[in-house]
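Some notes on the structure that comes next.
What you see is a predicted model, and the numbers here were worked out from it, not measured in a lab. We name chains A, B, ... by the order of the sequence lines, and we start the count at 1 in each one. Below, each value reflects all heavy atoms present in this structure, side chains not excepted, and no hydrogens, waters or symmetry copies.
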Protein chains: 2
Amino acid sequence: MAAIPSGVLGALDSTSDRAVFRQIADQLREAIDKGRFKEGAKLPSESELVEHYGVSRMTVRNALSVLQGEGLVHSEHGKGVFVRPRPPVRRLASDRFARRHRDQGKAAFTVEAEAAGSHPEVDSLEVKEERPTQDVSARLGGPRRVLARRRRYLLDGRPVEFATSYLPLDIARGTPIAEPNPGPGGIYARLEELGHRLDHFEEEIRARMPTPSEVKFLRLAAGVPVIHLVRTAFDKEGRPVEVCDTVMAADAYVLAYQLPAT
Amino acid sequence: MAAIPSGVLGALDSTSDRAVFRQIADQLREAIDKGRFKEGAKLPSESELVEHYGVSRMTVRNALSVLQGEGLVHSEHGKGVFVRPRPPVRRLASDRFARRHRDQGKAAFTVEAEAAGSHPEVDSLEVKEERPTQDVSARLGGPRRVLARRRRYLLDGRPVEFATSYLPLDIARGTPIAEPNPGPGGIYARLEELGHRLDHFEEEIRARMPTPSEVKFLRLAAGVPVIHLVRTAFDKEGRPVEVCDTVMAADAYVLAYQLPAT
DNA sequence: CTCACCCACTCGTCTATACGAGTATGTGTG
DNA sequence: CACACATACTCGTATAGACGAGTGGGTGAG
C-alpha cells in the first residue's frame with residue numbers, strides 16, 4: 001500500500017470539537033480546491049486514508065460520502081475515488097426559440113451541439129395521447145387529454161436532458177406534431193404553419209435533487225442536482241398552445257437570459 | 001418503543017439483489033410520496049426501524065442518509081427524522097428590475113415579501129472596495145478594483161439569498177451607491193440618476209450543491225442545492241455597469257422569465 | 001507469444017457494539 | 001406551585017470485523 005505524499009494531507013486536531021470525519025473531509029476538500037488533486041485524479045484509497053489518519057474505515061467512508069454529497073468526488077467500484085471532472089457545459093440562450101433560429105433543417109439541439117464540437121443524439125422518443133397532470137392541464141387551460149412528446153437528449157453519449165412537450169389535442173391531433181419526427185424547425189414551426197402564431201414564452205426554473213428515476217435516466221453522479229424548467233408557449237390570441245417540461249443535469253447547463261431594462 | 005403501524009412499511013425481499021438499505025430507503029420514500037408520512041411528520045425512529053426490519057442500526061442510518069441526500073427528510077439531533085416541509089417559495093419575475101417597479105421608497109425584496117405576507121430582513125451588509133475575481137473583472141470590462149456591496153436576505157428569519165454587487169470604481173466611488181443604504185429604488189435608480197441609463201440585463205443561471213460556507217450562511221438542510229445567478233447590467237452605450245452575483249437556497253425560489261417569440 | 005486464471009487491490013454492504021450529546025418528560029423536592 | 005434533576009428517548013460519532021464484488025495486473029500453462 002502506497003503511502004500518501006507528505007504535505008498533501010495534514011494531521012487531525014484531537015483538541016478540536018469538530019468531528020473526525022469532518023476534519024478529514026475538510027482536508028480532502030482543501031487539497032482538491034488547491035489543486036493538489038486535479039480533476040479526474042484518484043484520491044488516496046480508503047485503506048491509505050485509514051492508515052494515514054489512524055481511524056477506522058467507516059470514519060473514512062463517512063468523510064468521503066460528505067464530499068460525494070457536495071458533488072466534489074465520485075467513486076468507482078473496484079477502481080477508487082476520483083475528483084469529479086466538470087463536464088462541458090451547454091449554454092441555453094433565451095433567444096434559442098426565436099424564429100430566426102427556426103427555419104432550418106435541423107433541430108436546435110443538434111445545431112448547437114455540432115457547433116460546440118459535440119456529438120448529439122436524441123432517443124427514447126415517445127409520442128402518445130394521455131391524461132395530463134393537474135399542473136399541466138391548468139397551464140394549458142384545462143384540457144382533459146393532451147398529446148405528450150417525450151425525448152431524451154445526449155451529448156457524446158451522455159444523457160443531459162429529458163423533456164416532455166404537452167399540447168392540447170384539438171391543436172395537435174392528426175398533424176405532423178403527432179408524428180415522431182415533426183420536421184424542420186420543430187413543433188414551434190409546425191404550430192405557426194397551423195395558424196397558431198407564437199407571441200411569447202413563459203419559463204419557470206427550479207433546482208432540486210433528482211428523484212431515483214431521474215438519477216437512472218440521466219445517469220447522474222451523486223451530488224448533482226437537476227434544473228427543472230417548465231416553458232409555456234402562448235399564441236397571439238393569448239392561448240397557451242404548448243407546455244414543455246424539461247429536467248436537465250445541472251452540471252451540464254448554464255441558462256442565459258437577456259432582459260430589457262424597461 | 002412504539003411499533004410501526006402495519007401496512008405503512010413492508011418487508012424486505014431477501015431474494016432481491018437490491019441492497020437492504022436501498023430497499024428500506026425505497027419503502028420510506030414510497031410512504032412519503034403516498035402521503036403516509038405527511039410534511040413535517042416524524043418518521044419512525046432508527047431503533048423502531050431496526051426492530052421492524054431486523055437489521056443493524058448502521059443499515060437503517062444508511063437508508064436514512066439516502067433520503068437526506070435526496071432532500072426528502074432532515075434529522076434533528078435528540079428529536080427524530082422528519083419529512084422536510086417545502087418552504088414557501090419566492091417567485092422572481094424577470095421584469096422585477098423594470099423601471100416601473102423602481103421608483104418606490106422600498107427595496108424590491110421588501111415590497112415583494114410583504115405582499116406575500118412574509119417578514120423580510122436584510123443583514124450582513126458590507127460595502128467596500130476590493131480587487132475583483134477574474135470572472136467579475138472580465139464581465140465589467142477589466143477594472144482592477146471595484147466597489148463590492150454584499151448583503152444577505154432573510155424571510156421570516158430564514159436566510160434565503162446572499163448577493164454581492166460589483167461596480168467599477170469610476171462609477172460608484174463617492175456616490176450614494178457606496179453608502180450602506182443607497183436610497184429608494186436601489187442602486188439601479190442611482191445609476192440612472194448618475195447618467196448611466198440602463199439598457200438591458202444579462203443573467204446566467206447555474207445550479208449546484210452548496211459549499212460548506214454556503215450551507216452555514218444560508219442554514220441549508222442536507223440535500224438542498226443552490227441556484228447561482230450572475231446578472232450583468234448594461235447601459236445604453238453598451239457598457240457593463242454592474243455585476244450582481246447571487247446564491248439562492250434552491251428550495252425557496254422559482255425563477256420566472258417571459259420571453260418574446262420573435 | 002497468447003490467453004486464462006489467480007491474486008491483490010479497490011469500493012460496497014452489513015453486523016455488533018459503545019459512548020456522547022441533545023430533547024422531552026415526569027417526578028420529587030423545596 | 002415552581003423548579004431542579006433523573007431518566008428515557010432521540011440522533012451523532014466511532015471502532016472492529018466480515019464478506020462480497022468489480023478491476024487490473026502478473027503469472028503460469030498451453
Nearest-Å distance, [atom1] ([X]) to [atom2] ([N])?
| X | N | atom1 | atom2 | result |
| --- | --- | --- | --- | --- |
| B:R18 | C:dG12 | CZ | P | 15 Å |
| A:E76 | D:dA21 | CD | P | 20 Å |
| A:R61 | D:dT15 | CZ | P | 15 Å |
| B:N62 | D:dC11 | CG | C1' | 15 Å |
| A:Q68 | C:dG12 | CD | P | 7 Å |
| A:H74 | C:dG12 | NE2 | C1' | 16 Å |
| A:D17 | C:dG22 | CG | C1' | 15 Å |
| A:Y53 | D:dT15 | OH | C1' | 18 Å |

Would you say a side-chain N or O of [X] is under 4.0 Å from OP1 or OP2 of [N]?
| X | N | result |
| --- | --- | --- |
| B:S75 | D:dG12 | yes |
| B:S47 | D:dC9 | no |
| A:T59 | D:dT15 | yes |
| B:R57 | C:dT15 | no |

Checking contacts here: which listed nucleotide ([options]) is nearest the side-chain heavy atoms of [X]?
| X | options | answer |
| --- | --- | --- |
| A:S45 | C:dT15, D:dT10, C:dT10 | C:dT10 |
| A:H77 | C:dG20, D:dG22, C:dT13 | D:dG22 |
| B:E48 | D:dC11, D:dT10, D:dT15 | D:dT10 |
| B:K79 | D:dA21, C:dA24, D:dG12 | C:dA24 |

Sorted by position of nearest nucleotide on DNA chain C, 5' first, the leading residue of A:V81 and A:M58 is A:V81

For A:V254, which residues count as a side-chain contact (heavy atoms from CB on, under 4.5 Å) partner, sequence neighbours excluded? A:V89, B:E204, B:R206

Find out whether the Lys NZ or Arg CZ of A:R151 is both under 6.0 angstrom from the six-membered ring centre of A:F162 and within 45° of the ring's axis. no

Look at the side chain of B:D245 and the backbone N and O of B:V230, then say whether any donor-acceptor pair between them is shorter than 3.5 Å. no

Give the intermediate values and the outcome of side chain to side chain donor-acceptor pair (under 3.5 Å) for residues A:D13 and A:T15. CA-CA 5 Å; A:D13 175 3; A:T15 70; 2.6 Å; yes

Side chain to side chain donor-acceptor pair (under 3.5 Å) evaluation trace for A:Y53 with A:Q23: CA-CA 10 Å; A:Y53 287 112; A:Q23 292 187 46; over 6 Å; no

Using a heavy-atom cut-off of 4.0 Å across all strands, would you classify A:R22 as base, sugar-phosphate, or nothing? sugar-phosphate

Starting at the 5' end of DNA chain D, which residue's closest nucleotide do you reach first, A:A19 or B:P44? B:P44

